[in-house]
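Data block below; observations after.
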Amino acid sequence: KQEVTQIPAALSVPEGENLVLNCSFTDSAIYNLQWFRQDPGKGLTSLLLIQSSQREQTSGRLNASLDKSSGRSTLYIAASQPGDSATYLCAVNVSWGSRLTFGEGTQLTVNP
Amino acid sequence: GAVVSQHPSWVICKSGTSVKIECRSLDFQATTMFWYRQFPKQSLMLMATSNEGSKATYEQGVEKDKFLINHASLTLSTLTVTSAHPEDSSFYICSARRDSTNYGYTFGSGTRLTVV
């Protein structure tokens, strides 16, 4: 059974700091990995999608890496801003269109 | 592109009544949609997988007679919470997968259900 773990559970940083969120999964046979952001009381916003054949994806200040063999992904946020404060979730699936398995999330607070 | 609209965003209902939540893919077709439930400070729990034109597949422990799912078209899935009770109060989120291998999953904005 696939299990996804995110570390740390919570993180508080001053504005402007670069930071890394970690995601690990137990079964390396994934199809793709997706990082999401969730604001309180809201749905999920997709940030980055990494196919299993890819090593990383970038969007603006965000960079996500994937090491499938070791079952790890990181989300790097550069020059953090208070508006980045949210819960960040990673999720994997094992085949096209199959269910997502989510981690518990990292709650990020960026202090002005 | 890839927008999923979920309605209503919040609803309060009396115990014993039924509530319907709609999930629409606005700019793409979605053969498959997913329904999740989220408790405070917790991650998403998959309730069921909704397939257009066929019966939904429910996760273990989810009562299919209580949580009725209908996926009658390629752009609309509905979740009806029947005979709602206070313990059904939760945040419900839908997700749709665009019918292409190059896209991930898009989520709705969620529905806060409160049963009083």
Side-chain angles (χ1 to χ4, degrees), chain A residues 1-10 21 23-25 30-54 57 59 62 64 66 73 75 86-109, chain B residues 1-10 21 23-25 28-52 56-60 62 90-114:
Chain A
K1 178 187 175 185
Q2 178 76 272
E3 293 183 0
V4 180
T5 303
Q6 290 187 245
I7 295 173
L21 307 181
C23 172
S24 61
F25 44 95
I30 64 169
Y31 185 75
N32 58 38
L33 181 145
Q34 201 164 354
W35 281 94
F36 297 90
R37 166 187 174 140
Q38 185 177 31
D39 293 287
K42 304 293 184 182
L44 276 63
T45 300
S46 179
L47 298 174
L48 291 164
L49 170 70
I50 309 179
Q51 305 287 354
S52 61
S53 58
Q54 298 174 323
Q57 284 287 331
S59 176
L62 305 180
L66 174 64
S73 176
L75 179 66
T87 296
Y88 290 79
L89 295 155
C90 74
V92 299
N93 65 341
V94 296
S95 62
W96 178 60
S98 66
R99 57 180 294 170
L100 287 174
T101 300
F102 282 88
E104 292 295 316
T106 293
Q107 185 175 355
L108 172 66
T109 303
Chain B
V3 177
V4 172
S5 173
Q6 187 171 342
H7 180 81
S9 56
W10 61 270
I21 303 170
C23 181
R24 293 180 184 271
S25 55
F28 66 98
Q29 293 184 334
T31 304
T32 303
M33 293 186 178
F34 302 87
W35 287 96
Y36 295 84
R37 184 171 180 176
Q38 187 177 33
F39 293 102
K41 304 291 185 182
Q42 295 187 22
S43 192
L44 281 72
M45 180 189 78
L46 180 66
M47 298 175 65
T49 301
S50 169
N51 296 296
E52 186 268 336
T57 303
Y58 291 81
E59 294 298 301
Q60 189 173 7
V62 177
S90 191
F91 192 60
Y92 294 88
I93 311 177
C94 70
S95 167
R97 171 182 60 82
R98 182 181 288 200
D99 291 339
S100 165
T101 58
N102 295 325
Y103 295 92
Y105 296 79
T106 303
F107 283 76
S109 56
T111 297
R112 171 70 60 193
L113 170 63
T114 302

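Per chain, numbering begins at 1; letters A, B, ... match sequence-line order.
Annotation for A:Gly103 and B:Ser43: closest pair O-OG, 2.7 Å, computed over non-hydrogen atoms.
For the pair B:Phe107/A:Gln38, no side-chain contact is recorded, criterion being any heavy-atom separation below 4.5 Å from C-beta on.
Interface summary for chain A: among B:Met45, B:Arg112, B:Gln38, the most heavy-atom pairs under 4.5 angstrom belong to B:Gln38. Most heavy-atom pairs under 4.5 Å with chain B, from the set A:Ser46, A:Gly43, A:Gly105: that is A:Gly43.
Within the model, atoms CG of A:Leu100 and CG of B:Leu46 stand 8.5 Å from one another, a figure rounded to the nearest 0.5 Å.
With a 4.5 angstrom heavy-atom cutoff, B:Tyr105 touches chain A via backbone and side-chain atoms both. Contacts between A:Asn93 and chain B at a heavy-atom distance below 4.5 Å involve the side chain alone, from C-beta outward. Both the backbone and the side chain of A:Glu104 have a heavy atom closer than 4.5 Å to some heavy atom of chain B. Only the side chain of A:Gln107 has a heavy atom closer than 4.5 Å to any heavy atom of chain B. If you measure heavy-atom distances from A:Leu44 to chain B, the contacts under 4.5 Å come from both the backbone and the side chain.
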Stepwise side chain to side chain contact (heavy atoms under 4.5 Å, CB included) test for A:Arg99 and B:Thr32 = CA-CA 10 Å; A:Arg99 57 180 294 170; B:Thr32 303; over 6 Å; no
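Between B:Tyr36 and A:Phe102, the gap from one ring centroid to the other is short of 6.0 Å.
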